[in-house]
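As structure tokens, the structure follows; a few thoughts come after it.
Note that the numbering runs from 1 along the sequence shown for the chain. Every number for a ligand or one of its atoms is a count from 1 in the order of the listing.
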Amino acid sequence: MTRPSRSNHILRRSQSITDMYTRSVGAGLTGHAITERSGKTVRLADGDHCVEFVSCSYLGLEEHPRMVQAVRTALDKYGTHFSSSRNSVEPAEIRELEDLLGEIYPGMNALVFNSVSSVHLGVLPLLGAGLLPGYPVAADGPLFVIERTAHASMQAIRGVLEQTGEATRFDVEDPESFTRALRLAEGSGRTPVVLVDGIGSMGGLIDVAALSEKAAEYHGYLYIDDAHGISVSGTNGAGYAFDALGGHVPEHVLLVGSLSKAFGGSGGFLLTHAPEDIIRLRREANPMVFGHSNMITHVLANLESAATHLDGTVSTLQKNLWDNVALFDRSLGRTRNVNLVNAGSRSPIRGLAMETEEQAFHAAKRLRTAGILCFPVFYPVVAPGTGLLRFAISANHTHEQIESIAHQLSSS
Ligand SMILES: Cc1ncc(COP(=O)(O)O)c(C=O)c1O
């Protein structure tokens with residue numbers, strides 16, 4: 001195989017990745033194949049039963065009898081799939097789902113995509129080109145201002161974004177870097193389009209209210225990927241970012257959510273203020289024109305999930321989730337030598353940060369031996385040489401399952 005001679009980010013990244021992922025797969029710590037699942041217990045292909053803290057199913061909705069019944073109904077009505085591009089034929093239930101999202105987020109217009117990555121790929125180029133009527137862009141184009149920890153699905157399309165303008169990065173931990181980026185946009189006559197997560201997939205909560213205020217000062221837009229924040233908090237499960245913004249979406253903010261995590265279905269959605277944006281996106285966003293519509297079974301599951309958000313079912317599950325998160329913090333907080341990432345925060349994700357990859361590998365192995373699955377991550381997910389055990393906490397975990405982690409890590 002011939003190797004490209006030119007150095008680039010992908011090559012450099014690959015050169016810094018150690019064999020830790022491969023070793024972890026070999027040791028049965030990650031890369032699992034499962035054959036069954038019941039609550040938080042999964043059966044692995046080798047027959048072992050384990051308790052998992054891996055799935056981003058923060059509310060456990062995908063096992064709710066109403067959701068399961070919705071999928072059965074979809075199969076009876078449509079078969080497994082309707083294969084057409086989204087903007088040629090789509091099941092009527094997608095429109096109903098978008099209407100219900102409009103009730104969860106009053107006053108907003110929702111557009112559902114197959115995935116959050118598809119939202120980014122569909123929306124950001126049109127936004128950058130100044131083609132969304134609700135979000136006009138300066139004649140000199142946009143400056144995409146990408147937060148250092150913003151999800152990889154936004155970072156990876158930087159080259160695409162640069163077809164419509166320039167891009168730079170900032171670090172939310174370094175407010176000066178944000179101000180510098182906004183001034184750069186101002187000085188070059190560009191509209192800043194700030195890309196951030198709401199609840200970080202590995203880190204903590206982003207202060208979206210402060211970023212929103214500052215972006216507005218510079219006549220910019222704030223584009224929030226709150227994939228992990230949807231459903232877990234807020235009235236009707238509107239989520240972390242919506243709540244943090246004061247229960248509404250300011251005029252200069254675009255909010256993106258996931259239907260594949262706590263929502264219990266699959267896909268992603270965008271919320272905009274102007275119905276004209278939706279018309280343009282349906283007609284011109286790449287995934288709408290060239291991609292399939294969401295799988296029919298998931299459309300109906302998503303629709304049922306939206307109903308559970310609006311009828312109070314989700315608020316009970318939220319309470320169970322946050323009780324479990326508090327228990328996790330209490331029990332791990334009592335464990336010696338533990339560096340607990342996100343402790344005390346309104347994120348359903350916790351991490352045990354380790355100084356070396358080897359430490360993370362051995363801690364994951366210890367848990368695996370006790371029948372507990374976490375998600376051990378290494379570079380490029382965390383800094384080179386370090387490791388982190390990631391835990392996704394769910395309303396469906398039992399107290400005993402949660403307490404077993406601290407028990408295993410503290411017993412010698
Ligand atoms: C914050 C965030 N954004 C986007 C994605 C990508 O989601 P999707 O698979 O729906 O494209 C993820 C995936 O887990 C995520 O954590």
Side-chain angles (χ1 to χ4, degrees), residues 30-31 52-59 61-62 86 94 97 101 110-125 144 146-158 160-161 169 172 194-208 211 222-233 239-242 244 253-271 285-288 290-295 297-299 301-302 305 341-342 345-351 374-377 380-382 388 390-394:
T30 194
E52 60 92 4
F53 286 83
V54 182
S55 156
C56 296
S57 150
Y58 306 120
L59 299 179
L61 269 172
E62 64 286 318
R86 168 75 197 273
I94 288 196
L97 168 62
L101 287 169
L111 187 60
V112 169
F113 289 73
N114 253 340
S115 67
V116 177
S117 304
S118 293
V119 178
H120 301 330
L121 204 54
V123 174
L124 289 172
F144 287 98
I146 311 171
E147 205 278 313
R148 184 182 63 82
T149 62
H151 192 259
S153 50
M154 291 184 277
Q155 312 272 2
I157 59 168
R158 181 167 171 164
V160 174
L161 305 184
R169 299 223 303 174
V172 79
V194 182
L195 309 185
V196 295
D197 284 359
I199 292 184
S201 57
M202 290 290 160
L205 307 179
I206 301 291
D207 185 352
V208 289
L211 296 179
L222 179 64
Y223 178 96
I224 307 169
D225 172 347
D226 198 23
H228 291 274
I230 301 305
S231 311
V232 300
S233 53
Y240 161 73
F242 187 78
V253 172
L254 296 98
L255 184 56
V256 174
S258 175
L259 303 169
S260 312
K261 298 183 189 294
F263 208 84
S266 87
F269 64 89
L270 168 77
L271 298 170
N286 251 34
M288 291 286 155
F290 300 108
H292 281 93
S293 57
N294 204 310
M295 293 292 286
T297 44
H298 283 119
V299 173
N302 289 333
S305 177
V341 176
N342 280 356
S345 84
R346 283 291 274 190
S347 163
I349 303 164
R350 291 293 182 270
C374 63
F375 184 18
V377 292
V381 183
V382 290
L388 181 121
R390 182 184 188 282
F391 296 85
I393 304 165
S394 167

Quiz item: At a non-hydrogen distance cut-off of under 4.0 Å, which region of S117 contacts ligand 1 (side chain, backbone, both, or neither)?
Solution: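 The part of S117 near ligand 1 is both the backbone and the side chain.
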Quiz item: Backbone, side chain, both or neither: what part of S115 comes under 4.0 angstrom of ligand 1, heavy atoms only?
Solution: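 Both parts.
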Regarding ligand 1, does [X] bring an N or O atom to under 3.5 Å of one of the ligand's N or O atoms?
| X | result |
| --- | --- |
| K261 | yes |
| S260 | no |
| H228 | yes |
| V116 | yes |

Practice problem: May I ask you to test the Y223-V123 pair for a side-chain heavy-atom distance under 4.5 Å? | Solution: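 Yes; the side chains approach each other to less than 4.5 Å.
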Quiz item: Taking the side chain as C-beta and beyond, is there a heavy-atom pair between D226 and V208 under 4.5 Å?
Solution: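 The answer is no, as the side chains (C-beta and beyond) never meet within the 4.5 Å cut-off.
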Quiz item: Please state which protein non-hydrogen atom is closest to atom 3 (N) of ligand 1 and give its distance, to 0.1 Å?
Solution: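 So the nearest neighbour among protein heavy atoms is D225 OD2, 2.5 Å.
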Self-check item: Protein contact to atom 5 (C) of ligand 1 [nearest heavy atom, distance to 0.1 Å]
Solution: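 Residue, atom and distance for the closest contact: H151 CE1, 3.2 Å.
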Would you give the length of the straight line joining atom [atom1] of [X] to atom [atom2] of [Y], rounded to the nearest 0.5 angstrom?
| X | Y | atom1 | atom2 | result |
| --- | --- | --- | --- | --- |
| K261 | S266 | NZ | OG | 11.5 Å |
| Y240 | I206 | OH | CD1 | 7.5 Å |
| I157 | L195 | CD1 | CG | 8.0 Å |

Which of the numbered atoms in ligand 1 are below 4.0 angstrom from a heavy atom of [X]?
| X | value |
| --- | --- |
| S153 | 3 (N), 4 (C) |
| S201 | 16 (O) |
| A227 | 1 (C), 2 (C), 3 (N) |

Exercise. Provide the closest heavy-atom pair for E52 versus V54 in the form atom of the first, atom of the second, distance.
Key: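 So the minimum-distance heavy-atom pair works out to OE1-N, 2.8 Å.
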Quiz item: Do you know which two heavy atoms are closest between R148 and R169, and how far apart they sit?
Solution: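 Heavy atoms only, the tightest pair is O-NH1, 3.6 Å.
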Quiz item: Out of L111, N302, L259, which residue meets the side-chain contact (heavy atoms from CB on, under 4.5 Å) rule with F269?
Solution: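 Filter result, single survivor: L259.
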